[in-house]
Amino acid sequence: MDLTLSPSERAFRDELRAWLASNLPEPFAGQAHSEDRDYLEYLRAWQRRLFEAGYSGLTWPAAFGGRGATPVEQSLFVEEMARAKAPDVVGAIGIGLIGPTIIAIGSDEQKAAYLEPILSGDQIWCQGFSEPDSGSDLASLATRAVRDGDDFIVNGQKIWTSYAHVADYCFLLVRTDSAAQKHKGITCLLVDMKSEGITVKPLRMMSGDAAFNEIFFSDVRVPAGQVLGEIDGGWRVAITALMNERANLGAAVRVMLARFLETLIAALPEIPRPSSSHPSGSMSAAEDPLVRQKIAQAHLDLEVFGMTADRALARVATDGVPGPEGSILKLFWSELNQRMTQGAMEIAGPYAQLADEQEVWGEISYAYLRARGNTIEAGTSEVLRNIIAERVLGFPKSY
Ligand SMILES: Cc1cc2nc3c(=O)[nH]c(=O)nc-3n(C[C@H](O)[C@H](O)[C@H](O)COP(=O)(O)OP(=O)(O)OC[C@H]3O[C@@H](n4cnc5c(N)ncnc54)[C@H](O)[C@@H]3O)c2cc1C
C-alpha cells in the first residue's frame with residue numbers, strides 16, 4: 001500500500017487541523033465523570049459543533065447527513081481528534097455502529113427518525129447485546145419479546161451496557177422464537193429508554209467509572225414498527241453492527257499510546273532509583289538500564305502496531321469492510337495497552353499511589369485500571385484468536 005497522503009487527503013487533514021485549532025472547547029470545568037449530567041451536556045454540545053461543521057459520521061453517505069468520506073479520511077479524522085486532545089464523541093456507538101446498521105437495513109421511517117439525531121448528539125444510543133449468561137456466545141441470549149397486538153412485550157436482563165445510564169435509545173437483541181435454532185429466533189428492536197418497565201443500574205468499574213450498566217426489562221411494550229430488519233432476522237442485524245465495531249480503532253489508539261509513552265518518559269526523572277554503580281549512589285528511573293529497555297520495547301511495539309493498523313486500513317480501503325484483519329488489530333492494541341500500562345506501573349512503583357495528588361500519576365494508574373477491560377470488550381482475546389486462527393490462517397473450526 002502507498003502510505004503517502006494524496007493531495008485531497010492532505011487538504012482534508014489540514015482543513016480539519018485548522019478547524020480543531022480554532023473550535024476546540026475549553027476543557028470541562030468540573031470532574032469529567034461519565035455520571036455527571038453537566039459533563040454529558042458538555043459532550044453533547046461538542047458533538048453538535050462537530051455535526052454542524054460536517055465532521056460527524058464522516059463515512060456515512062451524503063444522502064444520510066455524512067460526507068461519504070474514505071476510510072483513510074476517517075482514519076485521519078480520528079488521528080487528528082486524538083492529537084488535538086479533543087473531548088470524546090459521546091454518541092460514538094450510534095455513529096460507528098448503529099447508524100450504519102440502520103442505513104443498511106432500516107425502513108425509511110427509521111432512517112428519518114434516527115439518523116440525524118444520532119449524528120448531532122441529540123440521541124445517545126446504547127448497544128444491548130450481552131446478558132449475564134450470554135457474552136461471547138451472543139446467539140444464546142435469553143431476553144424474550146412476545147407479540148401482543150401491535151406491540152412486543154419484552155422481559156429479561158442485559159449487562160455491561162455502556163452508556164445505558166445516559167442513553168435515549170437502546171439497540172436491543174431479543175429472542176422472539178425459542179423453538180427455532182438459536183441464531184434464527186433473534187430480533188433487533190429499537191427501544192426508547194424512557195419506556196415504562198425499564199430499570200438501569202450502573203456498575204462501577206475498578207477504574208472508578210460507572211460507565212456501563214445492567215438493564216432490566218419488565219413487561220416493556222415496544223411497537224412492532226421498532227423492529228429493525230426482519231422479525232427473527234436479528235442475527236444478520238447483529239453481524240452488520242459487529243462488523244463496524246472493530247473498524248477504525250487503530251488511528252486513535254496509535255496516537256493515544258504514543259502520548260501515554262511520552263507522558264511516562266517525561267515523568268521518569270522524578271522517580272529516584274537506588275544504585276551502587278552511580279557516583280551519587282542514586283539515579284533517576286530515566287538512567288536505569290532496565291527501565292530504558294522497557295521503554296525501548298514499548299516504542300518498538302508501537303511501531304509494529306502502527307504498521308498493523310496501516311495494513312487493516314489498506315484492507316478496508318480496498319474491500320470496503322474491515323475483514324478478519326480487524327480482529328488482529330483489536331487483539332494487538334488491547335494487549336499492547338495492558339503491557340504498556342502495566343510496565344508504567346512497575347516503573348512508577350510507589351509513585352503510582354500519588355494518583356490523587358499529581359495528574360500524571362492519576363493518568364497512569366487510571367489507564368492501567370481501565371486497560372484491563374480492553375481484552376474483554378468488543379470481543380475477548382481468546383475469541384479473537386479463534387477468529388484469526390480460522391479466518392486468517394485457515395485452521396479448522398473450533399467447537
Ligand atoms: C468495558 C466494557 C464495555 C462493554 N460494553 C458493552 C456494551 O455496550 N454492550 C454489550 O452488549 N456488551 C458490552 N460489554 C460486554 C462484552 O461484550 C462481553 O463482556 C464480552 O462479549 C465477553 O462476554 P462475557 O463477559 O459474558 O464472557 P464469556 O463469553 O462468558 O467469556 C468468559 C471467558 O471464556 C472465554 N471464552 C468464551 N468463549 C470462548 C471460546 N469459544 N473459545 C475460547 N475461549 C472462550 C472468554 O475469552 C473469557 O475469557 C462490555 C464489556 C466491557 C469489559
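Along the sequence shown, the residues carry numbers beginning at 1. Keep in mind it's a predicted model, so treat the numbers as computed, not measured.
Remark: side-chain polar atoms of Arg273 are not paired, donor with acceptor, to backbone N or O of Ala285 under 3.5 angstrom. Judged by distance alone, the side chain of Arg372 and the main-chain N or O of Gln338 form no donor-acceptor pair under 3.5 Å. For Gln47 (side chain) and Ile118 (main-chain N/O), a donor-acceptor pair under 3.5 Å exists by modelled atom type. Listed for the Arg370 side chain is no donor-acceptor partner under 3.5 Å among the backbone atoms of Ser207. Proximity of a side-chain donor or acceptor of Trp60 to a complementary backbone N or O of Ile95 within less than 3.5 Å is detected. Judged by distance alone, with hydrogens and angles left aside, the side-chain atoms of Arg13 form no donor-acceptor pair with the main-chain N or O of Leu76 at under 3.5 Å. A distance-only check finds no donor-acceptor pair linking the side chain of Lys294 to the backbone of Ile347 [under 3.5 Å]. Within the 3.5 Å criterion, the main-chain N or O of Ser6 finds a donor-acceptor partner in the side chain of Glu9. A donor-acceptor contact shorter than 3.5 Å links the side chain of Asp177 to the backbone of Ala179. Of the possible polar contacts, one joining the Thr240 side chain to the Arg236 backbone as a donor-acceptor pair under 3.5 Å is found.
Using a 3.5 Å distance cut-off with no hydrogens or angles, the side chains of Ser140 and Ser134 do pair a donor with an acceptor. Residues Gln293 and Gln297 have side chains that never bring a donor and an acceptor to within less than 3.5 angstrom of each other. Residues Tyr366 and Asp209 have side chains that bring a donor and an acceptor to within less than 3.5 angstrom of each other.
By the ring-ring contact (aromatic ring centres under 6.0 Å, His included) test, Phe152 is found to be paired with no residue, residues two or more places apart in sequence or in another chain being considered. By the ring-ring contact (aromatic ring centres under 6.0 Å, His included) test, Phe64 is found to be paired with no residue, residues two or more places apart in sequence or in another chain being considered. Take Ser22 and apply the side chain to side chain contact (heavy atoms under 4.5 Å, CB included) test, not counting sequence neighbours, and it matches no residue. Glu131 is linked by a side-chain hydrogen bond (donor to acceptor under 3.5 Å, both in side chains) to Thr143, Lys158, counting only residues two or more places apart in sequence or in another chain.
Between Phe12 and Tyr55, the ring planes lie perpendicular to each other; the angle is over 60°, past the 30° to 60° tilted range. Tyr114 and Tyr169 have perpendicular rings, their planes meeting at more than 60° on a 0 to 90° scale where under 30° would count as parallel.
Note on Glu382 versus Arg385: no salt bridge recorded, every NZ/NE/NH1/NH2 to OD/OE distance being 4.0 Å or above. A salt bridge links Arg48 and Glu52; the closest N-O separation between the charged side-chain nitrogens and carboxylate oxygens is under 4.0 Å. A salt bridge links Glu80 and Arg17; the closest N-O separation between the charged side-chain nitrogens and carboxylate oxygens is under 4.0 Å.
For the pair Glu346/Gln342, a side-chain contact is recorded, criterion being any heavy-atom separation below 4.5 Å from C-beta on. Between Leu115 and Gln110, every side-chain heavy-atom pair lies at or beyond the 4.5 Å cut-off. In this structure, the side chains of Tyr163 and Asn213 stay at 4.5 Å or more apart for every pair of heavy atoms. In this structure, the side chains of Glu287 and Ser284 come closer than 4.5 Å at one or more pairs of heavy atoms. Contact annotation: the side chain of Asp168 never approaches that of Trp125 to less than 4.5 Å [non-hydrogen atoms, C-beta and beyond]. Using a 4.5 Å heavy-atom threshold, the side chains of Phe129 and Leu141 count as separate. For the pair Ile198 and Val191, the minimum side-chain heavy-atom distance is below 4.5 Å.
The neighbour count for Glu335 CD, taken as heavy atoms of other residues, nucleotides or ligands under 6.0 Å away, is above 12. In Arg147, the CZ atom is crowded: over 12 heavy atoms of neighbouring residues, nucleotides or ligands sit closer than 6.0 Å.
Tracing side-chain contacts under 4.5 Å through hydrophobic residues (I, L, V, M, F, W, Y), one reaches Leu313 starting from Leu5; they form part of the same cluster. No continuous path of ILVMFWY side-chain contacts below 4.5 Å connects Ile186 to Phe217, so the two sit in separate hydrophobic clusters.
When hydrophobic side chains of Ile, Leu, Val, Met, Phe, Trp and Tyr are connected at separations under 4.5 Å, Leu300 ends up as a singleton with no cluster partners.
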Let me check something: any side-chain donor-acceptor pairs from residues 256-266 under 3.5 Å, sequence neighbours excluded? List them with distances.
{"unit_1": "Arg259", "atom_1": "NH1", "unit_2": "Ala82", "atom_2": "O", "d": "2.3"}
{"unit_1": "Thr263", "atom_1": "OG1", "unit_2": "Arg259", "atom_2": "O", "d": "2.8"}

